[in-house]
Amino acid sequence: MSVTVNKAQNQIRQIVASAIAQAQSRGTLPEGEANAFSVEVPADRNNGDYSTNAAMVNARAFRLPPVKIAQAITENAELEGTYFREIRIAGPGFINFYLSDVYYADILFEIRQAGSSYGRSNYGQGKRINVEFVSANPTGPMHMGNARGGALGDCLAGVLDYAGYEVAREFYVNDAGNQIEKFGLSLDIRYRQLCGEEVELPEDSYHGEDITGRAAEFRAVYGDSFAEKTEQERRKALVEFALPKNLENMKKAMEKYRIDYDLWFSELTLHNGGELQETIDILTEGGYTYEKDGALWYKNKEVQTKMLLREGKSQEYIDKLELKDDVLIRANGNPTYFAADIAYHRNKLEKRGFDKAIDVWGADHHGHVARMKGAMEAVGIDSDRLDILLMQFVRLVRDGEVVRMSKRTGKAITLVDLLNEVPIDAVRFLFNIREPGSLMDFDLDLAVEQSSQNPVYYCQYAHARICSILSKLEGEGKKARECTSEELQKLTCPEERELIRFLSTLGDTIIGAAKNYDPAKVTHYAVDLATLFHKFYSACRVGVEDESLMQARLFLCICVRDTMKSILTMLKVDSPERM
């Protein structure tokens with residue numbers, strides 16, 4: 001919350017408390033302890049800038065009608081030295097407070113003094129949060145789900161950082177298990193085909209052109225020399241050749257997308273370092289596993305049932321869920337992805353000691369959420385320390401039609417295809433213009449459009465327009481300078497006041513976005529800020545003859561410019577000075 005806003009609200013509480021005490025000392029109100037009351041911003045500014053229900057909540061305590069209590073409070077209220085010029089009674093006893101000019105001046109001083117730190121807070125108190133996102137399978141190119149997940153996860157991390165958390169961005173590399181075995185099989189068959197062998201690729205293998213391409217690259221280096229080696233040797237060599245190349249491409253794509261991960265965590269380290277077995281041993285010792293048909297199973301049904309009963313769910317409700325147990329170790333001795341996932345989250349929360357782990361998953365993983373949170377409880381970790389942000393799917397749209405194919409490859413459009421076609425600013429901003437849980441159509445035409453219809457262009461244009469205003473006036477010898485409080489108090493037009501009030505809400509907006517894991521609150525704020533600035537610019541000429549008023553308006557423009565730049569920087573979107 002803005003320091004000035006917080007000060008104003010505290011002043012209201014002090015004004016009311018002091019007025020009640022004064023009224024009691026004069027006998028206007030009976031003795032007794034007053035109840036707590038709320039301070040709110042009315043939906044209609046005609047009802048004041050702030051309103052309190054202090055009279056209503058104390059009607060029973062004082063045994064008086066709320067209106068009489070409100071009259072006693074207003075008659076004894078002392079406003080001198082506060083941000084308020086007037087208080088009025090409304091309706092059944094609401095007390096409305098009206099701000100003085102100095103309040104608006106102090107908001108602007110606060111913004112200028114904070115500079116690029118404006119909007120930051122210590123709400124998160126430095127708690128350590130791990131945000132894991134994208135984590136695409138390294139056996140092929142990244143798709144549209146990864147594109148939205150990348151923008152969402154990275155911008156969420158930025159929001160959490162501004163809200164006062166210590167944030168680590170992480171990519172979980174699935175370089176072990178069934179998908180790697182399938183990767184090796186697919187590469188092996190494509191390589192053998194290139195060597196002239198007649199062999200079919202199984203239906204459940206990877207059929208993408210990237211697999212054939214990697215096999216061809218391998219053959220260009222080693223020729224047909226691996227054709228006579230054992231299948232195990234050949235697959236191992238192919239995976240060791242192809243996987244690092246795929247990972248390197250992923251890292252380059254993320255770098256192009258302006259995502260800088262603190263750690264690319266290898267699943268293989270859980271297998272080789274003993275943490276996977278250690279985690280399974282903990283589950284077994286806790287009585288959460290059993291053997292059946294040669295496999296080791298996890299008692300998911302039992303764990304989730306206990307959690308749901310603890311939450312107050314009925315047995316009838318639980319039965320309808322048809323919960324099932326999960327395999328941890330297959331009959332062939334290979335651990336499942338679920339087993340590795342439990343070990344991985346234990347690594348984040350217990351081994352590395354993050355206060356909270358946030359995973360950004362596709363909505364198709366919805367059924368996995370309760371299982372994973374239950375597994376945390378089973379290994380002795382509070383499940384509230386793990387949060388899963390489910391993200392809905394994306395459809396690409398061009399000319400009002402859904403785009404399914406890439407002109408270049410004839411296959412589904414990849415993340416790299418998208419970044420090559422659409423400005424990265426637009427991709428990052430537009431993927432966060434909707435709440436994570438909402439289905440999304442990504443309009444390719446809108447993303448490249450240079451008009452007010454394009455939200456990111458609209459916000460960037462507001463920033464560039466202010467830079468242009470400052471430059472133009474400076475060319476006329478009218479350079480912006482520092483202002484006095486008296487000068488800033490000249491900003492009394494409705495459009496000026498509305499803009500200043502909105503600027504004061506940035507901190508609360510960021511905290512709200514952090515609480516709800518929703519960067520869309522911040523992109524919406526940026527669009528609304530641009531709208532209010534354009535509205536102000538149309539109604540209030542900046543280069544007026546009154547030098548003091550001109551400087552006050554320039555001061556306001558600079559506050560808007562710097563705030564917009566801070567927001568776009570948080571989202572890793574450029575803030576151009578010319579457009």
Side-chain angles (χ1 to χ4, degrees), residues 1-104 106-107 110 121-125 163-164 311-312 384 494 497-498 500-516 518 521 525:
M1 179 183 291
S2 159
V3 173
T4 308
V5 171
N6 188 51
K7 183 178 178 180
Q9 293 185 3
N10 286 336
Q11 285 179 355
I12 291 175
R13 294 184 179 92
Q14 184 59 46
I15 290 168
V16 171
S18 297
I20 290 174
Q22 182 70 7
Q24 288 175 327
S25 69
R26 292 176 174 175
T28 312
L29 290 178
E31 294 295 327
E33 186 174 347
N35 293 320
F37 55 88
S38 64
V39 176
E40 298 178 346
V41 176
D44 184 353
R45 286 284 177 175
N46 290 323
N47 295 326
D49 296 298
Y50 288 99
S51 181
T52 178
N53 63 349
M56 271 89 79
V57 298
N58 282 294
R60 179 172 294 181
F62 294 150
R63 297 181 181 179
L64 288 172
V67 171
K68 285 193 173 293
I69 298 172
Q71 287 173 343
I73 291 173
T74 56
E75 288 169 2
N76 289 277
E78 179 56 60
L79 301 184
E80 187 175 349
T82 73
Y83 281 136
F84 301 95
R85 58 180 171 80
E86 183 182 3
I87 56 176
R88 299 176 192 167
I89 301 170
F94 283 106
I95 304 173
N96 296 332
F97 288 72
Y98 294 81
L99 289 162
S100 66
D101 296 341
V102 70
Y103 169 86
Y104 295 94
D106 280 3
I107 289 290
E110 179 185 342
S121 71
N122 63 352
Y123 171 78
Q125 300 179 326
E311 292 171 7
D384 287 341
R497 290 291 169 89
E498 187 178 15
I500 296 170
R501 282 196 298 266
F502 189 74
L503 284 168
S504 74
T505 64
L506 176 60
D508 286 340
T509 299
I510 293 172
I511 289 172
K515 281 182 179 179
N516 294 286
D518 183 13
K521 293 183 183 298
Y525 180 96

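Of all heavy-atom pairs between A90 and N96, the closest is CB-ND2, 3.3 Å. Taking all atoms of both residues into account, the shortest heavy-atom contact from I107 to S504 is CD1-CB, 3.6 Å. The minimum heavy-atom distance between P42 and S51, with the atom names listed, is CG-CB, 3.8 Å. A pairwise comparison of heavy atoms in V67 and P92 identifies CG2-O, 3.4 Å as the closest pair. Pairing each heavy atom of A70 with each of G93, the nearest pair is CB-O, 3.8 Å. Considering all non-hydrogen atoms of both residues, N76 and Q22 come closest at OD1-CG, 3.2 Å.
For Y104 (side chain) and R501 (main-chain N/O), no donor-acceptor pair under 3.5 Å exists by modelled atom type. Side-chain atoms of S18 do not come within 3.5 Å of backbone N or O of I15 as any donor-acceptor pair. Under a 3.5 Å cut-off, the side chain of N53 and the backbone N or O of S38 do form a donor-acceptor pair. N35 places a side-chain N or O within donor-acceptor distance of the main-chain N or O of V57, the cut-off being under 3.5 Å.
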- Item | Audit row: F84, L99, side chain to side chain contact (heavy atoms under 4.5 Å, CB included) steps and yes/no | CA-CA 4 Å; F84 301 95; L99 289 162; 3.4 Å; yes
- Item | From CA spacing to verdict: side chain to side chain contact (heavy atoms under 4.5 Å, CB included), Q11, Q14 | CA-CA 5 Å; Q11 285 179 355; Q14 184 59 46; 5.6 Å; no
- Task: Mind running side chain to side chain contact (heavy atoms under 4.5 Å, CB included) on F37 and V16 for me, showing each step along the way?
- Result: CA-CA 10 Å; F37 55 88; V16 171; 3.6 Å; yes
- Task: Carefully, step by step, assess I20 and E33 under the rule side chain to side chain contact (heavy atoms under 4.5 Å, CB included).
- Result: CA-CA 10 Å; I20 290 174; E33 186 174 347; over 6 Å; no
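Aromatic pair F502/Y525: centroids less than 6.0 angstrom apart. Annotation: Y83 is in aromatic contact with Y103 [ring centroid separation under 6.0 Å].
In this structure, I12 CD1 and N10 CG are separated by 9.5 Å, a value rounded to the nearest 0.5 Å. Atom CZ in R45 sits 7.0 Å away from atom OH in Y50 (nearest 0.5 Å). To the nearest 0.5 angstrom, Y98 atom OH is 6.0 Å from N47 atom CG. T28 contributes atom OG1, which lies 7.0 Å from atom CD of E75 (distance to the nearest 0.5 angstrom). With rounding to the nearest 0.5 Å, the separation of CG in L29 from CD1 in I73 is 7.0 Å. Taking OG1 of T74 as the start and CD1 of I69 as the end, the distance is 12.0 Å to the nearest 0.5 Å.
Under a cut-off of 6.0 angstrom, the local environment of CZ in F94 is sparse, with at most 12 non-hydrogen atoms contributed by other residues, nucleotides or ligands.
Residues Y123 and K515 have side chains in contact (heavy-atom distance under 4.5 Å, counting atoms from C-beta outward).
Defined by atom type and a distance below 3.5 Å, a donor-acceptor pair is present between the side-chain atoms of E110 and S2.
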